[in-house]
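On a predicted model such as this, the values are computed, not experimentally measured, just so you know.
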Number of protein chains: 2
Amino acid sequence: MRPTVHDIAAAAGVSLATVDRVLNQRPGVRHVTREKVETAIRDLGYVRDVAAANLAKSRVYPLTFILPASDNSFMHGLNAEIRTAIARSVAERTDIRIVEVPAFDPQALVRELETLAAEKPSGVALVATDAPDVRSAVDRLVKDGIPVVTLVSDLTGSLRHHYAGVDNIAAGRTAARLLGRFLGGAKGEIAILAGSMLVRDHRERLEGFAAVMAQEFPALHLLSVLEGRDDPEVAHMLIADALGKNDGIIGIYSLGAGNRGLIRALKEKAADRSLTVIAHELTAHTRAALLDGTIDAILNQDAGHEVRSAIRVLKAKADGLSVIDAQERIRLDIFLKDNLP
Amino acid sequence: MRPTVHDIAAAAGVSLATVDRVLNQRPGVRHVTREKVETAIRDLGYVRDVAAANLAKSRVYPLTFILPASDNSFMHGLNAEIRTAIARSVAERTDIRIVEVPAFDPQALVRELETLAAEKPSGVALVATDAPDVRSAVDRLVKDGIPVVTLVSDLTGSLRHHYAGVDNIAAGRTAARLLGRFLGGAKGEIAILAGSMLVRDHRERLEGFAAVMAQEFPALHLLSVLEGRDDPEVAHMLIADALGKNDGIIGIYSLGAGNRGLIRALKEKAADRSLTVIAHELTAHTRAALLDGTIDAILNQDAGHEVRSAIRVLKAKADGLSVIDAQERIRLDIFLKDNLP
DNA sequence: CCAAATTTGATGTACGTAAATCAAAAAATG
DNA sequence: CATTTTTTGATTTACGTACATCAAATTTGG
């Protein structure tokens, strides 16, 4: 049988109240007594029954998710996954709130983080905008003892406890190798469609992509990046224009959102040409394009996993528990026509 | 505030004892009274606090994992993951036992399942051997009310509650497309190394592979399957022999275990040739081979995820709770050199 | 050494549910 | 209608922990 507080008290030769004081770091215990109890805890291998403790405390975990108010499929999906998690709140003792802040606006994000510092939730998950002010606002939260997880886009150099998202450099590298291998030894130009170079994850994808391309596929020449602002209309215009002007394009890497526009441009302009296309994020549009051959591979991050992982990690950190690292690693999904979920 | 049994009792105008009788389907409640209680439960949106219930019941979940006693990296890894889960038993209220049965021996598996039917554990996970007797033994367990999950290898047509493993047909199809695309339009022969055609997952991988190859890459000709019995020595011999005899081989699909032998053969015989190789299961050996370019892609199923998913599903089924399907879907991981974990 | 301060013990209640017991009420049976 | 059977209520204990209170013991300071 698993040891309880009673067993600890007996083993340490102290009362239940003292064990409680030690366990919950309440004052009024002499150093020697504290050590006796801690020894007993270690010897018996006691682990606090979190369920019973939460019951006694009537614990709920107020969690806040801060998202950019971006109007693209991926953010909509992320939002939907959080709402799905909210539907499970009762069973999971969570109380989740979604806060939207203007996209690409570090100051708005900082203000929100400062508001949160006062509310003292059990945890905060945020899609980070990469700016020094944001970093220090996050650090302040962490120093106040509030668990913080970055979601989808990381904030390296900050004190955030965890990042629930994919390795975007690896994603870019993978895209490059897939594209390079799919093109065999062909020689030609590669168009790159990004959302914005101001966003860290897009920059990182590009960085990884360019590195592998340069090193392993010198026959392929990268055109300068097209910034589609994750907007289907802009993406359509940029790609249609590029394809019209440049006959040498044999491959496209779309590393951001707004793929609806890309796909439309491909169907209009490249029906006769054989283009190899790698895109990010599995949506209804990219899925259809993968199936009909317009896109050759889709790299994806599972928003549902990211959200559930963020919640698990925040709860664990709030309780001072450890997490299963392998379980919380967000994997880069590679979808071909054949392994779609 | 979340409603409790007391609220239900008050709302239904009955006593706590009656609510308890209804909730735990104990006898001695008239039909009309039962309905009153059930209505109150629905109206108030009551959900039983599983943590509190488990506490009151001092519930533990005795779970049994039945594995084939196969001596290959994948099974060793699976075994290790289960032992890791056993280390978490205390916190998760599980009591996990591993039983090994001779591989490819349906009768041994059936005997074990019959033994288990008597022990009445909270759940059973098994790596299924595909045979009618196994199917009926599983069905009997299920009919006895014991949750059953197949692991890694499924048992279609049986009543098992869930399958924690990848879609092997999709895996084979994916391998075919990757290999076909990586080979560009080249013409040549493809060698296939399997463990045994008696195992369902290997048969399915081959089926998917052959289908896509025939339909989409007619320039590639599949040689007849080499059965390496998941044994590195046998695999080495078969591949070395095939490469020695046949100069037309330009690609290899290894859909089983025993890749250590394959890799050795490739290094000896094909240093000068340019072969494209797709293999299954990420191990120390295949990882090294991927990094040094001997293997071009690895398809993988994450044993840790499979084990944790099986446990979650078994616990949920034992409590009559629903699972999050998307969370329990085991994904096919595709690893290139660039996205290794 | 005495008073004050600190440390420890003893005890009770609470969290939400399970499970048991016994009494009381209601329904079914003859 | 009386009797048996079934249904319901009331109450208690338990699970493992948190937290509060008050008394008792011990240590510390002057």
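No side-chain donor-acceptor contact under 3.5 Å links B/D154 to the backbone of B/Y163. Between the side chain of A/N54 and the backbone N or O of A/A51 there is no donor-acceptor pair closer than 3.5 Å. Between the side chain of A/R2 and the main chain of A/V47, a donor-acceptor pair closer than 3.5 Å is present. Between the side chain of B/R135 and the backbone N or O of B/T156 there is at least one donor-acceptor pair closer than 3.5 Å. Side-chain atoms of A/S309 do not come within 3.5 Å of backbone N or O of A/E306 as any donor-acceptor pair.
A side chain to side chain contact (heavy atoms under 4.5 Å, CB included) with B/I311 holds for exactly one of B/T94, B/I82, B/V149; it is B/T94.
Taking the nucleotide of DNA chain C with the nearest heavy atom to each of A/R21 and B/V50, the more 5' of the two is matched to A/R21. Nearer the 5' end of DNA chain D, as judged by each residue's closest nucleotide, is the contact made by B/V14, out of B/A56 and B/V14. Residue whose closest nucleotide on DNA chain C sits further toward the 5' end, between A/V32 and B/A52: A/V32.
Spacing between atom NE2 of A/H6 and atom C1' of C/dG9 amounts to 14 Å, rounded to whole angstrom units. The distance between atom CZ of B/R34 and atom P of D/dT7, rounded to the nearest whole Å, is 9 Å. The CD1-C1' distance, from A/I8 to D/dT17, rounds to 13 Å in whole Å. Rounded to whole Å, the distance from CG on A/L16 to P on D/dT21 is 18 Å. Protein atom CD1 of A/I41 is 10 Å distant from nucleotide atom P of D/dT17, rounded to whole Å. Rounding to whole angstrom units, CG of residue A/D319 and C1' of D/dT17 are separated by 13 Å. One interatomic measurement links the two molecules: CG of A/D7 to C1' of D/dG16, which rounds to 11 Å at whole-angstrom precision. A/K57 has its NZ atom 17 Å from the C1' atom of D/dC15, to the nearest Å.
In the set C/dA10, C/dG16, D/dT17, D/dT17 carries the atom at the smallest distance from any side-chain atom of A/T4. Residue A/V5 places its side chain closer to D/dT17 than to any other of D/dG9, C/dT8, D/dT17. Nearest to the side chain of B/N24, among C/dG16, C/dT8, C/dA19, sits C/dA19. Comparing C/dC15, C/dG9, C/dT17 against the side chain of A/L55 picks out C/dC15 as the nearest. Here C/dA18 is the nucleotide among D/dT11, C/dA18, C/dC15 with the atom lying nearest to any side-chain atom of B/R26. The side chain of B/R48 sits closest to C/dT17 out of C/dG16, C/dT17, D/dT21. Proximity note for B/A17 (side chain, C-beta onward) versus C/dT17, C/dA10, D/dA10: the nearest is D/dA10.
The shortest distance between the side-chain N/O atoms of A/R30 and the OP1/OP2 oxygens of C/dT8 is below 4.0 Å. A sub-4.0 Å separation between OP1 or OP2 of C/dT8 and a side-chain N or O of A/S15 is absent. Contact annotation: A/T18 side-chain N/O to C/dT8 OP1/OP2 distance is not under 4.0 Å.
Among the protein residues, A/A53 comes within range of the sugar-phosphate backbone only, with heavy atoms under 4.0 Å from sugar or phosphate atoms but none that close to a base. A/D20 comes within 4.0 angstrom of a base, heavy atoms only.
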